[in-house]
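To start, the structure under review is shown below, and the notes come after it.
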Amino acid sequence: TTKEPTQRQLRVGEAIRHILAKQLMRDETGHPVLSGQSITVTEVEVGPDMRHATAFVTPLGGGEIKDDVLTALNEVAPQLNHIVAKELTMKYSPRVRFAYDERFDYADRINTLLNKFDK
């Protein structure tokens with residue numbers, strides 16, 4: 001059974017999402033693959049122990065995010081984790097890793113299927 005996240009997990013996740021979105025928008029990672037990429041951080045799930053977090057990302061405007069972009073994000077994760085740790089006022093800052101948010105693709109597939117039956 002999956003437990004619902006606590007208010008604190010949700011609050012911390014949202015704070016991390018804002019920090020990451022701001023950093024990715026500024027395009028200051030210095031990674032050549034990420035340069036000029038428009039990436040949306042859709043959600044950050046924080047683990048119950050508050051030590052780990054998963055940032056779900058998707059390209060701005062939808063579509064599939066390329067594996068090299070996801071790899072690049074995870075390569076600059078230590079740099080981004082350092083910024084998150086500085087901006088969060090917590091004793092321990094969760095270590096963030098990046099994952100592709102597949103929910104939009106899933107919703108598109110469902111819409112396509114529903115539209116087939118609509119005709």
Side-chain angles (χ1 to χ4, degrees):
T1 76
T2 54
K3 285 178 58 181
E4 287 293 309
T6 64
Q7 279 302 118
R8 184 164 186 240
Q9 283 173 280
L10 294 171
R11 228 178 16 251
V12 169
E14 192 60 15
I16 293 172
R17 189 182 72 77
H18 281 277
I19 295 166
L20 292 174
K22 185 171 65 178
Q23 290 304 313
L24 292 173
M25 189 178 72
R26 286 184 182 162
D27 203 8
E28 294 174 350
T29 60
H31 200 290
V33 175
L34 296 177
S35 181
Q37 290 283 340
S38 296
I39 300 166
T40 303
V41 182
T42 53
E43 184 182 4
V44 176
E45 288 181 358
V46 179
D49 62 356
M50 305 296 276
R51 296 292 181 122
H52 300 281
T54 303
F56 292 96
V57 293
T58 188
L60 193 62
E64 189 101 6
I65 204 159
K66 295 179 192 72
D67 287 340
D68 59 339
V69 172
L70 207 51
T71 301
L73 282 169
N74 281 307
E75 284 172 7
V76 298
Q79 175 187 343
L80 293 170
N81 281 323
H82 181 72
I83 293 165
V84 167
K86 275 195 337 193
E87 292 199 26
L88 280 182
T89 52
M90 293 175 58
K91 187 172 182 177
Y92 298 105
S93 176
R95 179 167 288 136
V96 180
R97 68 177 186 84
F98 291 88
Y100 176 63
D101 191 342
E102 298 176 354
R103 290 178 294 189
F104 294 104
D105 293 345
Y106 183 71
D108 282 345
R109 284 196 300 273
I110 289 174
N111 274 336
T112 303
L113 288 171
L114 289 174
N115 287 333
K116 279 184 182 178
F117 294 111
D118 223 14
K119 295 177 181 167

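None of the values given here were measured: they were computed from a predicted structure.
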Can you establish whether the number of heavy atoms outside E102 located under 6.0 Å from its atom CD is more than 12? no
Measuring from atom NE2 of H18 to atom CD of E87, what distance do you get when rounded to the nearest 0.5 angstrom? 12.0 Å
Kindly say whether T40 contributes a backbone atom to a donor-acceptor pair with the side chain of T58 at under 3.5 angstrom? no
Could you go through V57 and V69, starting from their C-alpha distance and side-chain angles, then the distance that decides it, and tell me whether this counts as side chain to side chain contact (heavy atoms under 4.5 Å, CB included)? CA-CA 10 Å; V57 293; V69 172; over 6 Å; no
For the hydrophobic clusters of this structure (ILVMFWY residues joined by side-chain heavy atoms under 4.5 Å, transitively), does one cluster hold both V76 and I19? yes
Do you know which two heavy atoms are closest between I16 and A53, and how far apart they sit? CD1-CB, 4.5 Å
What is the minimum heavy-atom distance between G36 and D27, and which atoms define it? N-OD2, 3.0 Å
Would you find more than 12 non-hydrogen atoms of other residues, nucleotides or ligands less than 6.0 Å from H82 atom NE2? no
CD of E75 to CG of L80: how many Å apart, nearest 0.5 Å? 12.0 Å
Within one Ile-Leu-Val-Met-Phe-Trp-Tyr cluster: M25 and V33, side-chain cutoff 4.5 Å: no
Does any non-hydrogen side-chain atom of N74 lie less than 4.5 Å from one of R97? yes
CZ-OH distance between R51 and Y92, expressed to the nearest 0.5 angstrom: 5.0 Å
Gap between atom CD of E45 and atom CG of L10 - 0.5 Å precision: 9.5 Å
Among V44, V96, V12, find the residue that satisfies the side chain to side chain contact (heavy atoms under 4.5 Å, CB included) test when tested with R17. V44
Taking the side chain from Q9 and the backbone from T6, do they hold a donor-acceptor pair closer than 3.5 Å? yes
Return the minimal non-hydrogen interatomic distance between Y100 and F56, and the atom names on each side. O-CD2, 4.0 Å
Please report the shortest heavy-atom distance between L88 and S93, naming the atom on each side. CD1-OG, 4.0 Å
I'd like to know if F98 and L34 are part of one continuous hydrophobic network [Ile/Leu/Val/Met/Phe/Trp/Tyr, side-chain heavy atoms within less than 4.5 Å]. yes
In Å and rounded to the nearest 0.5 Å, what is the NZ to CD1 distance from K22 to I83? 9.0 Å
Would you say L24 ends up clustered with L70 if hydrophobic residues are merged whenever their side chains have heavy atoms under 4.5 Å apart, either directly or through other cluster members? yes
Between the CG atom in D68 and the NE2 atom in H31, the distance rounded to the nearest 0.5 Å is 9.0 Å
